[in-house]
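Chain naming here is simple, since letters A, B, ... match the order of the sequence lines and numbering starts at 1 in each.
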Amino acid sequence: MSIAPSKILATLRVNGRDVTLAFHPHATLLEVLREELRLTGTKHGCELGQCGACTVILDGTPVLSCLTLAADAIGRSVETVEGLAVDGTLHPVQRAFLELGAAQCGYCTPGFLNAAVHLLEKNLEPSEAEIRDALAGHLCRCTGYTKIVEAVALAGRRMRAAANG
Amino acid sequence: MGKNGAAPSQAHVVGASLPRIDGYAKVTGAAIFADDIALPRMLFGKLLRSPHAHARILSIDYERALRHPGVVAVAVGGDLPARYGILPSAQDETVFAIDKVRYVGEPVAGIVAEDELAAQQAAALIEVRYETLPSVMSIDEALLEVDGSGEKIHPESRKANNVHKEVHLTFGDLDAGFAAAERIFDDEYFFEGNTHAALEEHSAIASFGADGKLTLWSSTQTPHYLHRVAASVLDLPASRIRIIAPPVGGGFGGKTEPVAHELAAAHFSRKTGRPVKFTLSREEVFYTHRGRHPVRIHLQTGIRSDGSIAACRLQTWLDGGGYGSYGVATTYYTGALLPVTYKMGAYAFDGCRVYTNKPPCGPKRGHGTTQPRYAFESQLDEIANALGLDAGAYRAAIAIDPYSRTINHLRVTSCGMREALSAVAERTDYSEKHGKLAPGRGIGLAASAYLCGAGLPIYWNPMPHSGAIVKVDRGGGVTVFCGTSDCGQGSQNMLAVIVAETLGIDILDVSVCAGDTDLTPVDLGSYSSRVTFMAGNAARSAALDVRERIAAAAGAELNIAPDRCVFERGRVFDRDEPERALSFVDAARAAEASFGTLAGVGSYTPPEDLHGDFKGSGVGPSPAYSYSACVAEVEVDFETGEIRVERIVLAHDCGRALNPAIVEGQIEGSAYMGMGEALMEESAFRNDLHRIPNLLDYKTPTILDTPRIEAIVIETEEREGPYGAKEAGEGPLNPVIPAIANAVADAIGARIYATPITPERVLQALDGTTGKLRLRAPVATRTA
């Protein structure tokens, strides 16, 4: 094996469930999610915090999982793309991305979805400028962003309608 | 229609903007990309790469690396000596460099270990002794005679200096054309190299079984070509190799040829008897890229008094990097498609690709046609301005006609360029705005054309370019098997649309099995915008094949002639008395009872009369061409030189839109990517090194830089396309770059003759220090 410090045993709350596992103290949250927990929906595009693909929600805040130590997530709540759909029903943001074609190759999509859900949790009626600001840390090479912006706005409208009964 | 299959909500799938069938997995994180695959006992690989641009390898000592804890195996050049390359004419690479290295980042050794960290630590322990050689880092240097202190990048090459390929073609009487011209416009341009930067970093997993069979999963756009190269490099029968292309996380041409890590994974799996994975880092992707060639362009166009083109002469010099890659095809492509848009009295093309000590260049979206298109559409803008003509009307007046031949003998069928030109001009009030906006604001227009698939395969063979099998299950489920690779453009969905439409069933009753050489008939791959046209036609013909048997059985059940059977909304019914009907499931069961297992086969081979008969005529022909037009509006800050793109309107003739939302998505993505190339993206080098091999410094447009793109789908009926369809994946990119360049020229009143159009270049142009680009005339290629 590699010359590496020994693993630590810890508990993380991932998509609402406590999981206890062992990982190296230098392991990133990205590595632990993908390689230990096999939650491969979280993607990597640079491992340098430049592309946004690996974004997950940590205690309610979007973080770049490639720059976050898994050790910093001990005892905290992590939400990944796998947790967005509830009982097989897509989250309105997922539904809108699907319907409008906001996911092409789909590689950047999980990061965008997490950032968009986070935005709409704070603000169900974001302006186009607010949507763009919230997603500014995410790169997409396929869509030209146009359908992504439209999908987030559409999801917001639907969530407002649902909230208003 | 009961529990066996859902009744479709609409009569036709073609033309409906339904969610793509692979979209469900992509919005839930369920899609399994190559790096998401993990196998039991899997080893992890790393490549050791050259730190030198040009050097002889004197020795490699990997004993220390081999002893590092966790390391299982190491390999160097001699372990995999077979030469390979994507083109039969350019077999110039080995998996690991042998004797010398030709660019920084070239793989020199490979190492596999129990975990990624061990492989990485051990790679640093491999000791390579180099003797450095003078490097060649530009087109100019490559054209110079190699002096005593240096050596050619490929010493065995018979070409002069570091020239890789020269092309000289003339069509019509060029001298007479220029003599008949009233004015001759003579300009030089430089198009900087750039890269695909797909979000997914390349990954490959190999598993070599005890039965001597290899399975190789790879993020590749071309599983069939990887199959061929793997067989040759590993010296294994192709029948013992299975290539699987999982969903690809963005391609744009960057994953169209076999590269070292894929073959290294296969080699190590065979050597160790364990699965092996190689995933590249982002920095490695910049070295592996095979991106857009930097191209210097000299363009002379002779115009008659009415503005028509009497003669055009194009010269291109391509900076190819260290190896051949697709470069011979790229060289031809810089000349082949210029005449597909406009009528010309005569045309000459001289192309020259040189080797330099940079990562090899290859195809990026628009392959080789993007750079000269930028130059030509920029010059046409100057011509229209000089003649006092409206840029859109002028282009429409000289546009090629549908169902005609170009000056270089290419067959043109449907052509919606005039419609695309009027659509973008009208939407933006181009004619009212051009030349009349306030200082600092500008509007620009450009047009273009692109292939719907290369008319000839990469290696000569008389077999189909695409094949498909459509299998009908007795439960009503239909599976289409086709060797395509979906890099996000929607090829999975395209196959499902074609088959669902042909059989009249719900698109979700169709499953697609693609990109698996054990299971799927060959499709040549996702390049040259060929998949909708070629795989679509193959799938359509396979679906028709099986439909014939279902119609025969249904006709017998309904007591009507089979040709009266209509397949629609999950039913098979009589054309004349629609109430006489069977469900599709019952019709399929009847057919299986009559004919046995139900499967149809289909294949597509392009027609042979697409091109002329001359050396080089194999690059450029296509069964159809797509046409695009673009208008861009910009605002330029005279203080900082910054350019803000305020609007892009992009119209694209895609034949018939099989799924309009997906076509729009391709147009929008093309607009964005073209904008990046026009304004900021560049593969820049300094002191032999890639200056910016990361996604922060290699600038791509963010969501804040990109305007809301207005896509206009222009539909023409392409007789030979599947349901009338052409392509949408690459063509729309080409007019965007010159439209933005023309808008900047309109905004600042000066032309910038190079990309990317950076703030620095804007300020220089405003100072008048740039003027026209006058590059030193290279001697070697001015002979034609």
Side-chain angles (χ1 to χ4, degrees), chain A residues 1-4 24 26 31 34-35 38-51 53 80-82 84-85 90-91 93-95 97-110 113 128-129 131-133 135-150, chain B residues 17 19-20 22-33 35-36 38 68-70 113-115 117-121 196-201 247-252 281-282 486-490 659 661-662 664-665 668-673 694-696 700 702-704 706 708-709 711:
Chain A
M1 294 298 149
S2 55
I3 301 168
H24 287 299
H26 59 262
E31 288 166 337
R34 286 181 55 82
E35 293 162 22
R38 297 295 295 140
L39 290 170
T40 53
T42 301
K43 301 302 181 199
H44 55 83
C46 65
E47 295 95 70
L48 293 168
Q50 298 173 342
C51 76
T80 72
V81 66
E82 287 90 347
L84 285 179
L90 296 181
H91 187 283
V93 176
Q94 291 174 301
R95 166 76 41 199
F97 268 62
L98 174 72
E99 287 178 4
L100 296 190
Q104 286 187 23
C105 84
Y107 201 82
C108 70
T109 306
L113 290 172
E128 179 170 339
I131 294 173
R132 288 179 182 270
D133 270 339
L135 304 179
H138 297 256
L139 297 178
C140 168
R141 293 291 277 169
C142 296
T143 62
Y145 305 109
T146 298
K147 292 198 190 299
I148 291 175
V149 173
E150 288 170 5
Chain B
S17 287
R20 50 200 294 163
D22 52 336
Y24 299 86
K26 287 178 173 175
V27 299
T28 53
I32 302 297
F33 295 83
D35 188 51
D36 300 337
H68 188 74
E114 299 288 346
D115 59 57
L117 184 63
Q120 198 169 330
Q121 289 169 339
H196 322 85
L199 257 287
E200 179 203 27
E201 298 147 313
V248 175
F252 317 112
S281 70
R282 176 54 60 183
D486 199 321
C487 47
Q489 84 277 43
N659 179 318
I662 291 182
E664 284 168 17
E668 290 160 4
S670 292
Y672 147 87
M673 192 166 270
N694 67 76
L695 288 177
L696 186 64
T700 62
T702 69
I703 200 167
L704 296 176
T706 311
R708 182 180 284 213
I709 292 150

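- Looking at A:Leu39, there are no atoms closer than 4.5 Å to chain B (heavy atoms on both sides), in backbone or side chain.
- For chain B, the option among A:Ala85, A:Ala136, A:Gly49 with the highest count of heavy-atom pairs below 4.5 Å is A:Ala136.
- The structure places CG of B:Leu695 at 6.0 Å from CD of A:Gln50, a figure rounded to the nearest 0.5 Å.
- Evaluation of the salt bridge (Lys or Arg N to Asp or Glu O under 4.0 Å) rule for A:Arg38 yields no partner, not counting sequence neighbours.
- Smallest separation of non-hydrogen atoms from B:Val27 and A:Phe97: CG1-CB, 3.9 Å.
- Summarising the geometry, atom NZ belonging to A:Lys147 is positioned 10.5 Å from atom CZ belonging to B:Arg708; distances are rounded to the nearest 0.5 Å.
- Side-chain contact between B:Arg282 and A:Leu48: absent, with no pair of heavy atoms (C-beta onward) separated by less than 4.5 Å.
- Counting heavy-atom pairs closer than 4.5 Å to chain A, the top-ranked of the candidates B:Thr700, B:Ile662, B:Asp22, B:Asp486 is B:Thr700.
- Residues B:Phe252 and A:Cys142 approach most closely at CZ-SG, 3.8 Å, considering heavy atoms.
- Atom CG of B:Leu199 and atom SG of A:Cys140 lie 7.0 Å apart (nearest 0.5 Å).
- Heavy atoms closer than 4.5 Å to chain B are found in the side chain of A:Thr109, but not in its backbone.
- Considering only heavy-atom pairs separated by less than 4.5 Å from chain B, the leading option among A:His91, A:Glu82, A:Glu47 is A:Glu47.
- Taking OG1 of A:Thr40 as the start and CD1 of B:Ile32 as the end, the distance is 4.0 Å to the nearest 0.5 Å.
- A:Arg132 contributes a side-chain N or O that, together with a main-chain N or O of B:Ile703, makes up a donor-acceptor pair within less than 3.5 Å.
- To the nearest 0.5 Å, atom CG of residue B:Asp115 and atom NE2 of residue A:His24 are 6.5 Å apart.
- Per-residue counts of heavy-atom pairs under 4.5 Å with chain A were compared for B:Ala661, B:Gly23, B:Gly665; the largest is that of B:Gly665.
- Looking at A:Lys43 and B:Asp35, no side-chain N of the basic residue comes within less than 4.0 Å of a carboxylate O on the acidic one, giving no salt bridge.
- Proximity to chain B involves both the backbone and the side chain of A:Leu139, based on heavy atoms less than 4.5 angstrom apart.
- Looking at A:Ala53, the atoms closer than 4.5 Å to chain B (heavy atoms on both sides) all sit in the side chain, from C-beta outward.
- Put simply, the side chain of B:Lys26 does not reach to within 4.5 Å of the side chain of A:Leu98, judged on heavy atoms.
- With a 4.5 Å cut-off on non-hydrogen atoms, B:Tyr24 touches chain A through its backbone and its side chain both.
- The most heavy-atom pairs under 4.5 Å with chain A, out of B:Ser670, B:Ala711, B:Ala38, come from B:Ala38.
- Distance alone, capped at 3.5 Å, places no donor-acceptor pair between the B:Glu668 side chain and the A:Gly144 backbone.
- Within the 4.5 angstrom heavy-atom criterion, atoms from both the backbone and the side chain of B:Glu664 approach chain A.
- For A:Ile131, the side-chain contact (heavy atoms from CB on, under 4.5 Å) partners two or more places apart in sequence, or in a different chain, are A:Leu119, A:Pro126, A:Leu135, A:Val149, A:Val152, A:Ala153.
- Neither the backbone nor the side chain of B:Ala113 comes within contact range of chain A, judged by heavy atoms closer than 4.5 Å.
- Considering NE2 of A:His44 and CD of B:Glu201, their distance stands at 5.5 Å, rounded to 0.5 Å.
- Heavy-atom distances place both the backbone and the side chain of B:Ala197 under 4.5 Å from chain A.
- Listed here is the closest heavy atom pair of A:Glu99 and B:Pro19: CA-CG, 4.4 Å.
- When each of B:Asp36, B:Leu704, B:Asn659 is checked for heavy-atom pairs under 4.5 Å with chain A, B:Asp36 comes out on top.
- Within the 4.5 Å cutoff, the side chain of A:His26 has heavy atoms near those of the B:Leu117 side chain.
- When all heavy atoms of B:Gly249 and A:Cys105 are compared, the pair lying nearest together is C-SG, 3.3 Å.
- Contact check for B:Tyr672 versus A:Arg141: side-chain heavy atoms found under the 4.5 Å cut-off.
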